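Encoded as structure tokens, the structure appears first; notes follow it.
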Protein chains: 2
Amino acid sequence: MNLLAKIRDVPDFPKKGVLFKDITTLLKEGPAFREAIDQMVAMLQDSKIQIDKVAAVESRGFIFGAPIAYKLGVGIVPVRKLGKLPAATVSVDYSLEYGVNTVEMHSDGVERGEHVLVVDDLLATGGTTRASIELVEKVGGIVSGVMFLIELEFLNGRQTIGEYPTFALLKF
Amino acid sequence: MNLLAKIRDVPDFPKKGVLFKDITTLLKEGPAFREAIDQMVAMLQDSKIQIDKVAAVESRGFIFGAPIAYKLGVGIVPVRKLGKLPAATVSVDYSLEYGVNTVEMHSDGVERGEHVLVVDDLLATGGTTRASIELVEKVGGIVSGVMFLIELEFLNGRQTIGEYPTFALLKF
């Protein structure tokens, strides 16, 4: 199946001049969604990286992180926006084009020495991903890889992510 | 497995006097997460309701809606907060204790006559769920059921939801 063709371009979202990659046109088709998850899991299994847990980035990252964790039979820890998690957290700030954003994870979400796969829907500049990696490492986890449905290659997000095995199913 | 025992009580979140049911302690254990999804899917299959698509409610609803859709082999349509969806949407307002909230869905997220299961993590007063049902019906979908991980029975959310088959794996 041509999964790339299932992604819809929406011009001027979230602001003028941006061509937004809309994944909902892929999600809404059962066979396309299933094949995307199966192919993502196959890429991970082929790579032979160790995965003890999935860290899924709010909120579209949950849509891929949850079925990947389910298929792998591992737990899932949510990376969320500031103030959403009820128990003790660690947090990391990162810069946006204008201003600063913060991501949080429960301090007990990852055990020391656990191998963690970070999952999000889209790799753009890599800022959120880099902050999510730092969260995992802050509590003693080992980031064994990073997985996306889509990578926007022209934004060089891999450079921001650094030396971590990085997987993307679809590339633009 | 005693899945109920995997839920953590966090007092005074999000505000004083509220005892928050924290699902992250269940999510982070692979076998518990897998069993929760398997049991939710088994409840749906036993009920024999028709499900052509899952409508998952942002953002914790994505964590259950996505693997349920994956296992059933159907598509998933996100119900999101205002302004998050890039293409044409329908929206429904609903009242909170103080003020009004709005949920949105893509107008083309559900086809006319499709049977849709609404999924969220927790049934409290049922306001968000009721609004999500209205979204599906606004575009011509048929809500065949509503599924939660947790139901807080003392809040009578089923009364707000109304005549739709309503399933919850864990009850408090």
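Given the structure is predicted, the values throughout are model-derived calculations rather than measurements. Letters go in sequence order (proteins before strands), and every chain restarts at 1.
Of the two parts of Val77(A), neither the backbone nor the side chain holds a non-hydrogen atom closer than 4.5 Å to a non-hydrogen atom of chain B. With a threshold of 4.5 angstrom between heavy atoms, Pro86(A) approaches chain B through its backbone and through its side chain.
Residues Val41(B) and Ile23(B) are members of one and the same hydrophobic cluster, defined by side-chain heavy-atom contacts under 4.5 angstrom among Ile, Leu, Val, Met, Phe, Trp and Tyr. When hydrophobic clusters are built by joining Ile, Leu, Val, Met, Phe, Trp and Tyr residues whose side-chain heavy atoms come closer than 4.5 Å, directly or via intermediates, Val79(B) is grouped together with Phe148(B). Met43(A) and Leu149(A) fall within a single hydrophobic cluster, where Ile, Leu, Val, Met, Phe, Trp and Tyr side chains are chained together by heavy-atom contacts under 4.5 Å. Under the 4.5 Å side-chain heavy-atom criterion for ILVMFWY residues, a single connected hydrophobic cluster contains both Leu155(B) and Ile150(B). One hydrophobic cluster holds both Val92(B) and Val143(B) under the rule that ILVMFWY side chains link at heavy-atom gaps under 4.5 Å.
With a 4.5 Å cut-off on side-chain heavy atoms, Tyr70(A) and Asp38(B) count as touching.
Contacts with chain A were tallied for Ala87(B), Ala32(B), Gly30(B), Gly83(B); Gly30(B) has the most, counting heavy-atom pairs under 4.5 Å. Note: Ile76(A) leads Leu72(A), Thr24(A), Ile76(A) in heavy-atom pairs under 4.5 Å with chain B. The candidate from Glu29(A), Lys84(A), Lys71(A) with the greatest count of non-hydrogen atom pairs under 4.5 Å with chain B is Lys71(A). Taking Leu26(B), Ile37(B), Thr25(B) one by one and counting their heavy-atom pairs under 4.5 Å with chain A, the maximum is reached by Ile37(B).
Within residues 44-69 of chain B, the residues having any heavy atom closer than 4.5 Å to a heavy atom of chain A are Lys53(B), Glu58(B), Ser59(B), Arg60(B), Phe62(B), Ile63(B), Ala66(B), Pro67(B), Ala69(B), listed by residue number. Close approach to chain A, defined as a heavy atom under 4.5 Å from one of its heavy atoms, is seen in His106(B), Asp108(B), Gly109(B), Glu111(B) of residues 100-137 of chain B, taken by number. At a heavy-atom cut-off of under 4.5 Å, chain A is reached by Arg8(B), Val10(B), Phe13(B) from residues 1-18 of chain B, listed in order of number. Of residues 163-171 of chain B, not one residue has a non-hydrogen atom less than 4.5 Å from any non-hydrogen atom of chain A.
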